[in-house]
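What follows is a set of notes on a single structure, which appears directly below.
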Amino acid sequence: MTTRHEVCPAEELTPGERRIVEVGNLAIGVFNIDGEYYALNNVCPHQLAPLCEGRITGTVTSESVGEYDWEKNGQIVQCPWHHWEFDITTGESVFNPHKVRTRTFDVEVESKSDRDEQVSCYGTSLQGDEPPVQTYDVEIEEDIIVLYI
Amino acid sequence: MSSQGPKGAEAVGLTIDTDVHQTRASDEEIEQYLPKRYQSIGVELPGRMYNNPGGVLREDVQNEDGTPAGSTPENIQTHLFDKFGIDYGILTGDILSLSVLPNRDYAHELARAYNELLVDKWLSADERFLGSVVVAPQNPKGAAELIREYGSHPQNKQVLMNSVSRGGYGHPYYWPIYEAAEEMDLPMALHPSNQGAGMSEPPNAVGYPSNYFARHNAMPMLHIGQLNSLMSEGVFAEFPTLDWVFIECGFTWVPMMMWRMDKDWKGLRQQVPWLKKAPSKYIIENTYYTTQPIAEPERPEQLEQIFEMMHADKTLMFSSDYPHWDNDHPEYGLPKMSESLRKRIMYENAEELYKVSE
Ligand code: FES
């Protein structure tokens, strides 16, 4: 059964950043790549190192010998041990995408509209019977990142 | 953070990690021990000619203040010893590339300063830290001095030199080092560093490879070359009680060299008449190899055959290489093997070689 877990407010995870969260006995890396969110198991299939704590980088491909093409900038995480590269968007390794991969999880951004706040305008402090400074009811729409496991 | 983390000492059993790199937090740590004449120079080592795009130190275990992994006793205690239940770690440091410096005196003083720091900062911090006396091989007389001086520290368990040298280590030029090591009852150990830089020989027999990938692949050739030199020049015959540890350059080549040397010895013995027994016998009795980076054959069980061929129950010792990028996991790094062989590799071989509890 899928369960829902709030990770953090969306603004706390800006593009290019990641956060490791623990849910039960799972550790999961949540990544923001250009405003899209992805989640990977923080366990490398090689020697079980904390994969998601490695460098976020790109990868290099080649059309022919002697050529280098930089690709997938910001979309690759490199295991901090032994440097195997994984595509954050799919969990697949670069060197053997079909056989060597790490588990991915669904992650979404949800609006949260259940917080009403009284926000005061700027004004002088109230004295005696002076009318109160005008107030507004403000609904702050806060986006939160949610993980489904 | 890994949820499927190790079960610690219970799972791994008694363990000696034979390659742990304590790392200086800054050059000043070493510089404070340099003599006046080198204070203005400080630590000047050749830069890396070969670069790893992902860096060399593990980034998941950096200290919070940004200092590198391995730069404080707590870092190694927390992320290696306590996490995996390691009983002892042989410290191999971060300064071996001093052997590629042309200035013999300066290289020697750097080694001395390093050894001072080792005693002051590391050996005093935890009994689980066992040291290696680092020497500058281009200065054999100075090296022998350092071995006699620092080798008497009860936690210093071996003499360590870069695998990279000018000419093979079998040459009698280096023998004063071995005399001192034998006298102090310490094994000699070799570990590669910055091969190809400074005045070092090319990292492999066909010259300078183009990139880190190729240089890393070629590391076994360093130790094949050194073992060949030690054997042919008669170091094992001249220093029969001196043991040698070959760190981080693989071990699957050991059977190949045993067989090849034995075969050649039968017909070419006249050139090495001092060898009183087949070379493989010296290899089994006088040499040790460390596991990391573990070989990962298509069928992991094939490694068991290699273990048997190289007499791993006498010659192989576990190493993690913490905190370097290619370090091996103490529990998941090694393939399945019999419990008795696992014990030999994880603890007993190193226990017997280093006499850790003395
Ligand atoms: S543990 Fe991740 S690449 Fe080895």
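Convention: sequence-line order gives letters A, B, ...; per-chain numbering from 1. Computation of the quantities below employed the complete heavy-atom set of this structure, encompassing side-chain atoms and omitting hydrogens, waters and symmetry-equivalent molecules.
One finds a salt bridge joining R19(A) and E12(A) here, because a Lys/Arg side-chain nitrogen approaches an Asp/Glu carboxylate oxygen to under 4.0 Å.
Contacts of I294(B) with chain A are made by side-chain atoms alone, with heavy-atom separations under 4.5 Å and no backbone atom involved. For a residue to count as touching a neighbouring chain, one of its non-hydrogen atoms must lie under 4.5 Å from one of that chain's; by this rule Q47(A) touches chain B with backbone and side chain alike. Contacts between D328(B) and chain A at a heavy-atom distance below 4.5 Å involve backbone atoms as well as side-chain atoms. Looking at P53(B), the atoms closer than 4.5 Å to chain A (heavy atoms on both sides) all sit in the backbone: N, CA, C or O.
E71(A) and T61(A) share a donor-acceptor pair across their side chains, judged by distance under 3.5 Å alone. Side-chain contact annotation: H324(B) with Q292(B), donor-acceptor N/O pair under 3.5 Å absent.
Looking at residues two or more places apart in sequence or on another chain, you find no salt bridge (Lys or Arg N to Asp or Glu O under 4.0 Å) involving E17(A). Every residue was checked against the salt bridge (Lys or Arg N to Asp or Glu O under 4.0 Å) condition with D87(B), not counting sequence neighbours, and none meets it. Under the rule for a side-chain contact (heavy atoms from CB on, under 4.5 Å), the partners of M221(B) that lie at least two apart in sequence or sit in another chain are N204(B), A218(B).
Considering I149(A), V146(A), I145(A), I28(A) in turn, I145(A) is the only one that fulfils the side chain to side chain contact (heavy atoms under 4.5 Å, CB included) rule with V107(A).
Ring pair Y289(B)/F246(B): centre-to-centre distance below 6.0 Å.
Using a 4.5 Å heavy-atom cut-off against chain A, the contacting residues of residues 57-71 of chain B are R58(B), E59(B), D60(B).
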